[in-house]
Protein chains: 2
Amino acid sequence: MATIYDVARQAQVSPATVSRVLNGRASVDPVLAARVQQAVQDLNYRPNVVARNLRLSQTSLWAVIISDIGNPFFTSMVRGVEDVAQGSGFSVVLCNSDEDPEKEARYVAAALAQRMAGVVISTSGRPNVINRLIEARIPVVAIDRQLRGVSVDTVLVDNVHGAELATTHLLDQGYRRIACITGPRRISTAAQRLRGYQRALKSRGHQPTDNLIRFADFREEGGYRAMASLLDETEPPDAVFATNNLMTVGAVECLVDRGVKVPAKVGVVGFDDIPWAHLVRPSLTTVSQPTYDLGRAAAVLLGERIANPAKPTSMVTLHTDLHIRESSTRPA
Amino acid sequence: MATIYDVARQAQVSPATVSRVLNGRASVDPVLAARVQQAVQDLNYRPNVVARNLRLSQTSLWAVIISDIGNPFFTSMVRGVEDVAQGSGFSVVLCNSDEDPEKEARYVAAALAQRMAGVVISTSGRPNVINRLIEARIPVVAIDRQLRGVSVDTVLVDNVHGAELATTHLLDQGYRRIACITGPRRISTAAQRLRGYQRALKSRGHQPTDNLIRFADFREEGGYRAMASLLDETEPPDAVFATNNLMTVGAVECLVDRGVKVPAKVGVVGFDDIPWAHLVRPSLTTVSQPTYDLGRAAAVLLGERIANPAKPTSMVTLHTDLHIRESSTRPA
DNA sequence: TTGAAAGCGCTAACAA
DNA sequence: TTGTTAGCGCTTTCAA
């Protein structure tokens, strides 16, 4: 592949001049500039980004570290990040940690080694991993999940509020024994959505009880098992709020398998949509999040942080909406 | 951040020795090696991959260019690629072309500029874009969709056979006016699945007719519109075979909206699964593909190609299966 | 406005 | 076995 020296030779100018023409950094005699452009064409020259990056001690790569690439929530989010990144000349390396702190640590190490320009992370929960990025002064934006103990730019949704909406809606529909299937305690979204559920119950004079709460893993199977265990209680619930989309699907599968009628016998509300929710029977009531915009917002913050590392960190909170469908509307 | 010189100084050895210790390329006095390891620890040294790549004229990045990150088919495939890449020390840059040849061309240019170690591509159809990669001797593997006119490693499923299975099944169920909603002509999967459909009809003595065939865009809306236009025919179909998952969803939505009973009035079979197919009512009969394994196979081929650029190109074909569910089983 | 030359951090000849 | 040195391809002083 042609180098800048080949172009310089072909155009009969110095490499410095080629660089000036290519980067528009300084004024160049139009005649020389034209010769350079022609040589670039002739040789089909493409600047070597690796060399450029080394020289400038910077790169054009962002790492996006998410916990489950199979979850449409994250793919939509990544798309939001990517569209903004692309527009600012960055490429996105997608890293799937599978909720595994070990894998996450490996990706963080890779981001460090590659001297990535920035990292967007939805953490699997170990805070110390992120500190290495902070220490190395690599710009970081936390997305969807909060980072404990470090001050970084963060993009979240109003988890507590969304969970309150969901739980209050179930109460309004006349459900009384409302269960909650949430995620691992160490993950902020799991904790916040549980808090919203508890707060809604209390504000209506109900006392949340631990045996209607399950800590699962944000996956389909986990939702299924949690639902099964709830149904096996001596006093099983008459409704369930699941704090993410996949666990909602799992819970509904369990109810279908056991022949429990939804919503007549048990009402269901889930946090975050699933695609084709309208084709699923019964259609699912969900707290919907602006997933794509979450990604966009994070990408914008990251871009700003890279441009201005000294700027104070900010936290963006996006809104959630309750979409009422069949799974929670009790026949009168 | 610490450089190899800092480590060398700290360990009181030459940079070359540090490099030898770190890469295990040559034997080093254990005493010196220990000093180096200690210095690496003390300084929290991380090799600069950018510099290493420049020096070696190689990178550890693969680009995976797909046409729709919102399609679970591709996310599963990417996961397969990623798992293998990770195992061989490569990272994956995910590029989403949105079926747009322009965007695809931009990503190819980026892969070229970054001197990516390899590219896995599910092309949106313009062959000349890929030629730039070939000319630059960047290893390429075509996945899911064939590349016309160039000889590259390729991983496909048996599209013609799968389409035949689907169509024959609909005939067996007693459907007679079977329509086909396929993708853009320039995309090999669209053409091959259409061919399978036509072949199945012919082998049973039916003549495929053009007014039961629609060329859509592999998206949900396209499937919806194609189905609507089929229903508006003077002699509408009594069954439909859609050649990808999203168009199948769109077609079913259209049937639901128009109050057309599935499978009683119109039978439906789709190519490729959707997640939660079992929760959708009616559940969808599909030709299922080993999506994750497609990704794995492509990644393995890419790894081999990088290790041995001279090896002859190969084509891997994986099998498809018909999963019969409600949408195509006519009540007797 | 242009060219010469140094250097980003690393690895691999080559010499010792 | 170890150190010295050159150079990957680029950008940016500095001098002309």
Side-chain angles (χ1 to χ4, degrees), chain A residues 1-37 39-40 43-61 89 110-117 136-138, chain B residues 1-37 39-40 43-61 89 110-117 136-138:
Chain A
M1 250 185 147
T3 73
I4 203 168
Y5 297 106
D6 300 325
V7 174
R9 197 175 317 118
Q10 172 101 359
Q12 308 197 33
V13 296
S14 72
T17 298
V18 175
S19 175
R20 287 191 265 258
V21 172
L22 261 37
N23 298 304
R25 279 255 183 285
S27 48
V28 174
D29 183 329
V31 176
L32 294 194
R35 286 220 306 268
V36 169
Q37 297 290 10
V40 166
L43 299 173
N44 190 26
Y45 168 74
R46 315 232 157 232
N48 184 328
V49 173
V50 179
R52 181 167 211 276
N53 287 343
L54 176 61
R55 173 62 229 234
L56 298 178
S57 323
Q58 58 158 48
T59 61
S60 53
L61 245 37
L112 234 35
Q114 300 265 3
R115 306 296 197 268
M116 297 259 187
R137 301 192 183 288
I138 292 183
Chain B
M1 250 185 148
T3 72
I4 202 168
Y5 297 107
D6 299 325
V7 174
R9 197 174 317 121
Q10 172 101 358
Q12 308 197 34
V13 296
S14 71
T17 297
V18 175
S19 174
R20 285 191 268 258
V21 173
L22 262 36
N23 299 303
R25 280 255 183 282
S27 48
V28 175
D29 183 328
V31 177
L32 294 193
R35 287 221 305 268
V36 169
Q37 298 289 10
V40 166
L43 299 172
N44 190 25
Y45 168 73
R46 316 236 155 226
N48 185 328
V49 174
V50 178
R52 180 167 210 274
N53 287 343
L54 176 62
R55 174 62 231 233
L56 298 177
S57 320
Q58 57 159 47
T59 61
S60 53
L61 245 36
L112 234 36
Q114 300 265 4
R115 305 298 197 267
M116 298 260 186
R137 301 192 182 289
I138 292 183

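Keep in mind that this is a model prediction, so the values were computed, not measured. Throughout, protein chains are lettered first and strands after them, A, B, ... in sequence-line order, and every chain is numbered starting at 1.
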What distance separates B:R52 CZ from B:L22 CG, expressed to the nearest 0.5 Å?
->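 Reported to 0.5 Å precision, the distance equals 9.0 Å.
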
Pairwise distance CE(A:M1) to CG(A:N48) - rounded to 0.5 angstrom =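 That separation rounds to 8.5 Å.
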
Where the side chain of A:A51 is concerned, which of D:dC10, D:dT2, C:dT11 is the nearest nucleotide?
->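 Output: D:dC10.
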
Which listed nucleotide (C:dA12, D:dT13, C:dG9) is nearest to the side chain of B:A16?
->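 Within the option list, the nearest is C:dA12.
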
Quickly work out the [X] [atom1] to [N] [atom2] distance and round it to whole Å.
X: B:R35; N: D:dT2; atom1: CZ; atom2: P; answer: 9 Å
X: A:R46; N: D:dG9; atom1: CZ; atom2: P; answer: 17 Å
X: A:I4; N: C:dG3; atom1: CD1; atom2: C1'; answer: 13 Å
X: B:R55; N: D:dG7; atom1: CZ; atom2: P; answer: 10 Å
X: B:L56; N: C:dA13; atom1: CG; atom2: P; answer: 11 Å
X: A:R9; N: D:dG9; atom1: CZ; atom2: C1'; answer: 13 Å

According to a strict under-4.0 Å criterion, is [X] in side-chain N/O contact with OP1 or OP2 of [N]?
X: A:N53; N: D:dC10; value: no
X: A:N48; N: D:dC8; value: no
X: B:S19; N: C:dC10; value: no
X: A:Y45; N: D:dC10; value: yes
X: A:S14; N: C:dG3; value: yes
X: A:T3; N: D:dC8; value: no
X: B:R25; N: C:dA12; value: yes

Establish whether the base of D:dC8 is bridged to the side chain of A:Y5 by a donor-acceptor pair shorter than 3.5 Å.
->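 Under the 3.5 Å cut-off, the side chain and the base do not form any donor-acceptor pair.
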
Donor-acceptor pair (no angle test) under 3.5 Å: A:R20 side chain, C:dG3 base =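 Side chain to base: pair present.
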
Sugar-phosphate, base or nothing in reach of A:V50, heavy atoms under 4.0 Å =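 Nothing, no nucleic acid heavy atom in range.
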
How far apart are the closest heavy atoms of A:Q114 and B:L61, and which atoms are they?
->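 Smallest heavy-atom distance, with atoms named: NE2-CD1, 3.9 Å.
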
Nearest-nucleotide 5' precedence on DNA chain D, B:V13 against B:R115 =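 Its nearest nucleotide lies further toward 5', so the answer is B:V13.
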
Would you mind reporting whether B:L43 and B:V7 have side-chain heavy atoms less than 4.5 Å apart?
->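 Touching, per the 4.5 Å side-chain cut-off.
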
